[in-house]
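To start, the structure itself, in structure tokens.
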Amino acid sequence: MKQQQLECAANTAVDSRTLYTNLTMAGFGGQGLMFIGKLLAFSAMKAGLQVSWIPSYGPEMRGGTANCTVVIANEPIASPVIRSPETLIIMNNPSLEAFEPRLKSGGTLFVNSNLVTCPATRKDIEVVAVPADEVAQSAGGRKAANMVMLGAYLAKVAILDKSQIEYGFLEFFGSKAAQTLDLNMKAFSLGAAFSQADCKTKKES
Amino acid sequence: MKQQQLECAANTAVDSRTLYTNLTMAGFGGQGLMFIGKLLAFSAMKAGLQVSWIPSYGPEMRGGTANCTVVIANEPIASPVIRSPETLIIMNNPSLEAFEPRLKSGGTLFVNSNLVTCPATRKDIEVVAVPADEVAQSAGGRKAANMVMLGAYLAKVAILDKSQIEYGFLEFFGSKAAQTLDLNMKAFSLGAAFSQADCKTKKES
Amino acid sequence: MSEEKKKERRARIAIDEHFCKGCGLCVDACPQHIIEISSQVTSSGYYPAACPDPQSKCTGCTLCARVCPDVAIEVFVKQKTNHGERE
Amino acid sequence: MSEEKKKERRARIAIDEHFCKGCGLCVDACPQHIIEISSQVTSSGYYPAACPDPQSKCTGCTLCARVCPDVAIEVFVKQKTNHGERE
Amino acid sequence: METIDKTDKMDRVFQRPEALTKATTHYCPGCGHGVAHRLIAEVLDELGIREQTVGVAPVGCSVLMYNYMNIDMLEAAHGRAPAVATGFKRARPDLTVFCYQGDGDLAAIGMGETIAAAARGEKICVIFVNNATYGMTGGQMAPTTLVGQKTSTSAQGRMSERCGFPIKVAEMLSVLDGPQYIARVSVSSAKYIARAKQAIKKAFEVQQLDLGYSLVEVLSPCPTDWHMTPQQAVNWLEENMLPYYPLGEFKVQGV
Amino acid sequence: METIDKTDKMDRVFQRPEALTKATTHYCPGCGHGVAHRLIAEVLDELGIREQTVGVAPVGCSVLMYNYMNIDMLEAAHGRAPAVATGFKRARPDLTVFCYQGDGDLAAIGMGETIAAAARGEKICVIFVNNATYGMTGGQMAPTTLVGQKTSTSAQGRMSERCGFPIKVAEMLSVLDGPQYIARVSVSSAKYIARAKQAIKKAFEVQQLDLGYSLVEVLSPCPTDWHMTPQQAVNWLEENMLPYYPLGEFKVQGV
Amino acid sequence: MEKLFMTGNEAIAEAAIRSGCLYYFGYPITPQNEIPEYMSTRLPELGGAFLQAESEIAAIYMVYGAAGAGMRVMSSSSSPGISLKQEGLSYIAAAELPCVIVNMMRGGPGLGGIQPSQSDYFQATKGGGHGDYHLFVLAPSTVQEAVSLTGDAFDIADKYRTPVMILGDGIIGQMMEPVEFEQRPRSKEYDKSWALSGAKGRPRNVIKTLYLDPQKLEQHNLKLQDKYQKMKEDVRIEHYLCDDAEIVIAAYGTVARIAKTAVQILRDKGIKVGLLRPITLYPFPYDHFQEIAERIRKVLVVEMSLGQMVEDVKLAVNGKAEVAFYGRTGGIVPSYEEIAAELEKQLF
Amino acid sequence: MEKLFMTGNEAIAEAAIRSGCLYYFGYPITPQNEIPEYMSTRLPELGGAFLQAESEIAAIYMVYGAAGAGMRVMSSSSSPGISLKQEGLSYIAAAELPCVIVNMMRGGPGLGGIQPSQSDYFQATKGGGHGDYHLFVLAPSTVQEAVSLTGDAFDIADKYRTPVMILGDGIIGQMMEPVEFEQRPRSKEYDKSWALSGAKGRPRNVIKTLYLDPQKLEQHNLKLQDKYQKMKEDVRIEHYLCDDAEIVIAAYGTVARIAKTAVQILRDKGIKVGLLRPITLYPFPYDHFQEIAERIRKVLVVEMSLGQMVEDVKLAVNGKAEVAFYGRTGGIVPSYEEIAAELEKQLF
Ligand SMILES: Cc1ncc(C[n+]2csc(CCOP(=O)(O)OP(=O)(O)O)c2C)c(N)n1
Ligand SMILES: Cc1ncc(C[n+]2csc(CCOP(=O)(O)OP(=O)(O)O)c2C)c(N)n1
Ligand code: SF4
Ligand code: SF4
Ligand code: SF4
Ligand code: SF4
Ligand code: SF4
Ligand code: SF4
Ligand SMILES: [Mg+2]
Ligand SMILES: [Mg+2]
């Protein structure tokens with residue numbers, strides 16, 4: 001794992017009284033973005049928070065990219081639709097192109113640097129590059145790159161801890177998921193470790 | 001032909017400057033009411049008048065009675081729909097029941113007295129009873145009872161003469177009709193004669 | 001069985017004018033040719049079928065009733081065993 | 001025909017990565033077993049087929065191309081009669 | 001008028017079935033629908049299922065069938081009787097359900113629903129009255145109109161180059177796996193009417209036995225829209241329809 | 001990556017047909033639609049009718065076919081391709097018209113239009129891609145889904161008691177008088193693909209000869225909704241679909 | 001000009017043919033069967049095509065196909081059959097294909113009855129199908145007007161590349177009146193380069209309605225919307241004795257004629273009443289109503305429905321005058337006596 | 001009460017089942033496939049029936065059949081599929097059969113797109129089918145509300161013997177949110193003596209829509225109309241910060257939620273703005289709008305359409321306040337930022 005590759009954002013302060021955050025994650029269909037989005041929202045719900053999850057939908061369109069948006073708050077969520085999310089998790093180049101312009105100014109962009117080869121262009125955002133494929137591979141399987149990204153995200157936006165995600169994982173996805181729990185949680189931890197490590201911050205705005 | 005049976009109305013004065021008249025004719029399907037309605041309207045059109053013809057329609061309903069309404073005027077016809085016609089030609093009992101109440105007060109009711117066995121009940125109308133089946137039979141065929149009634153009607157409401165009807169008959173119904181022209185025109189004439197004959201007037205209103 | 005009984009009719013039909021539309025299909029169907037179309041119009045405007053059968057030719061075969069689209073015909077047949085005599 | 005010419009390949013295929021989705025059907029279809037799936041992802045996110053064929057085993061049978069759902073394969077075959085030599 | 005000797009000791013051997021109401025129909029004189037209705041009613045009476053049966057009326061001349069059958073009935077939209085019957089049967093599989101449909105209804109607008117219900121083996125009976133025309137709307141060409149037959153939308157007679165050939169519904173459905181009983185009958189004469197009743201009875205028995213879909217195609221005269229007398233109509237049917245639409249059982253399973 | 005020796009004197013013996021555009025398709029890897037498209041394109045090229053042909057795309061995974069075929073095309077509503085094609089063909093009988101339809105499109109919602117067009121002998125070709133599922137909407141049960149096959153609306157596998165048996169479209173349509181050519185082919189392997197092309201060619205030739213309706217049913221893998229790899233999918237097709245849906249020509253007239 | 005005596009249905013069919021419509025696809029339903037029957041005898045002899053479709057749905061998609069070939073094409077039906085065409089009409093509007101559809105309305109809902117009605121106004125004008133589209137809707141009130149509006153319908157369809165509906169009722173369809181088929185000025189040559197004809201010597205044409213990218217679909221919708229705005233230049237309405245009116249009746253089609261007699265009766269009594277008869281129901285003559293609302297006290301809307309056009313009148317009047325409603329339904333045609341009576345009641 | 005995390009589609013399916021709906025007939029279409037998929041696994045095990053119909057038309061008539069048996073039954077689809085059901089809905093309304101239909105709207109017209117839209121408002125509320133009938137239309141804006149409205153829908157359907165539509169969009173269908181399935185009070189026993197069950201020991205029942213006699217059809221229509229009037233007692237609307245508002249946004253469903261955030265943003269800026277969210281779209285809460293129109297300056301109607309509900313708002317407001325409109329279409333979902341911006345623009 002090339003820890004030096006890591007570029008991470010400063011810790012986002014989570015105000016527990018008026019908690020409100022949202023994020024969009026995007027990549028190829030099959031990269032498991034929908035999965036981590038649901039997992040995050042479900043775990044947050046189990047932690048007593050208000051949540052909403054909106055996918056890009058439609059098997060009527062084959063190929064292309066998939067994305068979803070999660071809102072987490074401790075008050076009822078008015079709009080579940082977010083044009084300019086506070087955070088982005090991006091897993092491929094087309095998604096970067098599509099979503100970077102929409103990231104809120106001052107927001108954080110998490111990219112899987114193994115697949116996102118184009119550089120981010122905006123200067124008013126923080127970029128956290130995670131070599132998620134490699135990290136996942138080291139955890140035991142490239143498929144878990146999504147969990148690496150989730151780990152990296154939650155390490156920064158500390159709304160849920162690992163045990164809450166683990167609980168959510170088992171609870172929501174059931175016995176089928178249990179088989180892959182170890183791999184996924186390991187990937188999650190490595191991703192989190194990545195964020196927590198003392199890292200180069202690219203805060204240019 | 002039992003002429004003494006005839007009960008006819010007084011001549012209706014037709015004001016040629018502001019000609020306007022309307023009538024409804026009703027009977028069993030197959031009694032040729034639609035036919036004489038169209039014939040009358042068409043012939044009037046050929047005579048330069050404004051006309052409209054509205055049928056009760058719909059083969060979606062089998063059996064029962066058929067009726068149509070004709071308006072003839074020398075100015076553009078606003079409503080072709082007439083709730084209370086000035087004249088009725090009635091060819092069976094059910095039609096009498098249905099239409100007698102709608103006849104305009106002071107209007108004229110022509111009935112085929114061979115088939116209409118129930119008496120008319122209103123006192124504010126004129127009733128002309130024509131034994132049309134018998135008259136038609138004497139002209140050569142019971143089928144022409146409708147033409148007997150038309151003849152009787154036009155003898156009273158003198159808007160068209162026999163030659164105009166004959167012209168309309170040939171023009172509108174074409175070569176097929178020509179074969180039956182003689183029978184029909186004979187029936188027409190007998191019907192007209194019936195009306196013109198000095199007859200007992202039942203004017204009780 | 002007396003001579004008189006033999007002359008009694010074996011079967012008869014009843015045509016309900018309320019239903020009959022004078023289609024004439026029963027006329028054609030009757031093997032005994034005893035049904036005819038009347039010349040008297042009904043209140044519905046039809047000339048109904050009638051079966052005078054003065055010679056008691058009706059066999060009760062029911063063919064007329066079976067072809068009648070308006071179920072206007074009922075068929076009656078003399079009981080095969082004369083219950084009256086047995087009792 | 002020189003010794004060298006004999007070593008020249010008789011046929012070859014060209015796989016257009018732009019079209020290929022890495023379904024692998026060509027891999028199975030090739031009787032010479034010379035097509036393989038690459039480990040390098042394309043910009044569309046697929047691992048495309050490749051046909052290195054260093055031993056020139058391709059016969060130009062076109063089977064790979066015929067089963068390809070994405071018309072990603074073109075097949076080239078050495079002209080049967082060597083026009084160059086004849087001319 | 002015949003006067004009836006009320007003292008005659010006679011058995012009533014033919015009478016109006018209980019499953020018919022006392023209403024006079026609106027059908028034209030000589031129309032085959034009346035016979036078809038009566039046969040269904042007789043079968044319901046004989047099987048003793050009048051009170052466990054629900055019928056679905058079509059849109060066609062027989063739309064008012066629910067005034068004539070003394071049973072619970074639903075009126076379907078034009079062509080949709082099999083779908084309505086399916087919905088009902090799925091909700092009440094304990095009841096016997098039948099559709100009554102004309103040829104426009106079943107073989108034109110409702111062909112999709114017909115094939116689907118047949119293919120599903122839906123446990124319903126379909127009585128399909130083929131009179132080779134659209135009776136109710138005034139005699140337009142039907143999918144079953146014979147080649148050369150004149151109708152109000154084929155004034156020169158149906159031309160196969162433009163309109164193709166009449167659909168043989170019974171034959172076509174027999175190819176499917178779902179149907180358990182398929183027959184074609186005629187109501188043009190007493191002889192055929194007797195056989196028609198047997199077929200209709202079998203169709204209902206298939207449902208009683210929970211076997212699956214059954215259909216009886218009934219060739220039926222439409223004197224009015226054929227522009228014939230009732231007698232001419234039955235003759236025309238036998239001379240022209242029978243050769244193209246052979247009578248018989250096309251599929252018999254389990255009964 | 002292979003580097004191509006441009007000095008090789010080689011003939012291109014297989015290439016993208018002219019009747020295909022240069023667009024990449026949105027189909028999943030291993031989807032049979034791509035092969036079916038290419039075969040049609042090759043046939044149009046070979047018959048030299050690319051510029052006299054109008055295609056009708058269905059609603060299904062192949063709805064965007066008009067982006068891939070280098071010809072004039074109409075998009076039909078779900079199931080209505082035969083009606084759209086009929087309207088077009090009646091207006092332009094001089095052009096060659098074909099429909100491309102999936103099994104949900106043709107055999108469920110569009111069955112009525114299919115039977116009617118076939119019975120009329122409408123002079124169109126229908127390429128009917130049977131992948132035993134609703135590809136586009138995420139793998140629901142189709143009328144052609146095999147008994148026991150799991151789909152998103154038959155999680156336990158299709159049960160014939162509830163859903164009946166899969167419809168054999170080619171066999172059923174062959175009973176009608178209208179169709180002149182009906183065949184079933186497969187695109188699961190090179191061998192079958194070659195035969196498929198011959199059948200499609202014949203179907204178009206029937207129209208060229210003005211004979212009437214033709215239909216080619218194409219068995220085609222849907223790896224995504226069958227939840228298989230492309231290789232598993234072609235194997236599953238050959239092991240499961242071929243026995244139920246035999247390949248062959250069911251009706252051949254005049255060609 | 002010879003006067004012919006024809007039913008509205010036949011007259012519309014003949015007018016369509018004279019407007020160059022050589023293709024007709026339809027399915028029988030009362031009270032409009034004379035249209036397909038007429039077409040079935042005339043079109044083949046003219047080298048066009050008549051086809052009795054297997055259903056109303058098939059018919060509307062056959063229209064879609066023939067319109068896609070650039071031909072003038074028509075279908076007709078009545079209420080339940082028009083409901084079945086809603087998906088197709090939405091597609092045709094989306095694909096911008098010109099065509100003419102006739103609805104001879106009958107009483108609903110469901111199978112309802114076969115007598116005249118006006119209860120499909122909403123369906124026709126607001127869009128009974130899905131999505132933001134509209135039909136151009138014309139409502140004739142005499143057989144002669146049915147003829148001229150049919151001719152106009154084809155021109156409007158071509159001008160805007162839009163489906164046009166002729167909204168009549170059983171009376172308009174079944175009634176016979178004298179008609180003259182005047183020689184229409186030859187319609188201008190409309191651009192049909194979008195039509196399909198085989199992609200010979202030009203880039204291929206595609207007729208489609210799918211826009212998976214919402215940006216593109218929104219653009220497409222805005223384009224349609226522009227067209228609907230532009231259509232306002234073809235708004236039509238008849239004013240009858242409105243100049244000095246204190247109260248006006250608003251009615252269309254058959255009812256407007258009956259109302260005209262009611263107006264005459266009331267004028268004879270010295271009551272200042274007029275009639276506004278929208279001829280285009282979409283685009284609705286909002287401006288005319290708005291303008292007249294400033295001058296009058298009340299509008300009495302009369303329909304053979306339980307109140308549909310009345311909403312458009314209210315939207316136009318926007319509170320500036322009172323809007324009252326009188327409706328009959330189910331096939332009952334109001335008489336002029338009852339309309340006159342209702343109006344007299346509304347006077348105070 | 002356990003919180004579940006479900007898509008709107010699944011939640012509606014589950015809520016229907018818990019309301020006693022054991023029969024479902026439908027045909028796949030995005031974005032509502034999770035409803036039939038959910039039903040297909042659950043209903044058979046509950047002794048009910050799921051059937052994937054051969055088409056939307058077949059599905060709606062299967063609903064008609066099962067409803068005729070007196071069962072609680074449901075169908076669902078999305079825009080083009082709902083267009084195909086228009087004839088059937090007219091029949092069901094005419095036959096007075098209770099049932100629930102879900103429309104998860106997508107962009108139109110035609111095939112359009114699969115992204116969320118609200119452009120079937122007219123179709124749902126004015127009657128996309130023929131004749132003077134209406135659906136009772138409910139528009140949920142959260143998954144939790146979709147659950148409770150689904151329960152209500154079945155009760156309303158039974159109460160009025162009427163088809164009820166749940167009008168959602170792709171977002172409501174696809175979005176996951178926490179939901180609780182509270183124990184609903186057992187619905188009262190509705191009279192179902194009209195249902196068919198074989199005419200055992202009672203006069204036969206007939207379910208029909210044909211009334212050939214116009215008098216009878218008019219009577220039938222007046223009966224329906226009475227029912228529609230009576231439905232007004234079930235009108236529902238949410239008022240949000242309206243008390244002191246000078247301007248209000250009117251929006252329903254998904255858009256109303258987005259607008260709520262916009263209102264919050266503007267309130268933070270000190271602007272007195274509120275939100276009116278109709279929950280019943282038919283019957284429309286005219287009275288509430290009328291009442292509030294007296295107090296405010298302007299209503300800004302926001303829809304994912306080019307302007308449909310805005311007509312009902314205008315009808316209600318009747319000129320007493322200004323009515324402005326902002327719409328996005330084709331699957332574009334407006335953001336709260338743009339709604340807020342539009343509202344700021346409208347302030348002056
Ligand atoms: C949707 C719809 N389309 C058309 C009609 C008009 N219509 C009523 S019955 C009928 C056809 C009748 O023919 P068929 O089904 O053969 O029955 P028949 O009258 O011959 O017994 C038609 C087209 C309708 N009522 N509804
Ligand atoms: C009227 C209508 N109903 C349903 C749909 C949704 N839909 C789109 S494609 C499709 C079925 C696709 O299956 P199939 O025809 O077998 O084609 P495939 O995708 O398998 O090639 C459906 C139901 C629609 N677009 N329109
Ligand atoms: S029962 Fe037989 S014999 Fe008697 S009248 Fe009828 S058909 Fe003739
Ligand atoms: S068959 Fe029946 S309806 Fe016809 S004439 Fe005989 S009794 Fe009358
Ligand atoms: S052409 Fe034949 S031998 Fe060559 S790569 Fe393709 S399948 Fe293999
Ligand atoms: S068959 Fe075609 S798409 Fe599939 S791997 Fe081979 S070249 Fe690529
Ligand atoms: S039109 Fe034909 S089918 Fe209809 S009632 Fe008359 S005879 Fe019977
Ligand atoms: S879902 Fe199936 S049919 Fe559709 S593109 Fe993918 S593999 Fe092909
Ligand atoms: Mg028929
Ligand atoms: Mg498929």
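A, B, ... follow the sequence lines: proteins, then strands. Residue 1 opens every chain. Atom set for the values below is all heavy atoms of this structure, side chains included, hydrogens, waters and symmetry mates excluded.
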Heavy-atom proximity to chain E below 4.5 Å, by part of F/Arg90 = side chain
Rounding to 0.5 Å, atoms CD1 (F/Ile115) and CD1 (E/Ile115) come to a distance of 3.5 Å
Check whether F/Ala116 gets within reach of chain E through its side chain, its backbone, both or neither, counting any heavy atom under 4.5 Å.
-> neither
If you tally heavy-atom pairs under 4.5 Å between each of E/Ala108, E/Gly112, E/Ala119 and chain F, the highest tally belongs to E/Ala119
Go through E/Leu176 and F/Met172 one step at a time and tell me if the side chain to side chain contact (heavy atoms under 4.5 Å, CB included) criterion holds.
-> CA-CA 7 Å; E/Leu176 296 171; F/Met172 188 178 68; 3.8 Å; yes
For E/Gln253, does the CD atom sit with more than 12 other heavy atoms under 6.0 Å from it, leaving out its own atoms?
-> yes
Are any of the side-chain heavy atoms of E/Arg120 and F/Glu161 separated by less than 4.5 Å?
-> no
Within 6.0 Å of CD in E/Gln208, more than 12 heavy atoms from elsewhere | yes
Exceeds 12 heavy-atom contacts within 6.0 angstrom, atom NZ of F/Lys150 = no
Residue among E/Gly110, E/Cys163, E/Gly121 with most heavy-atom pairs under 4.5 Å to chain F | E/Cys163
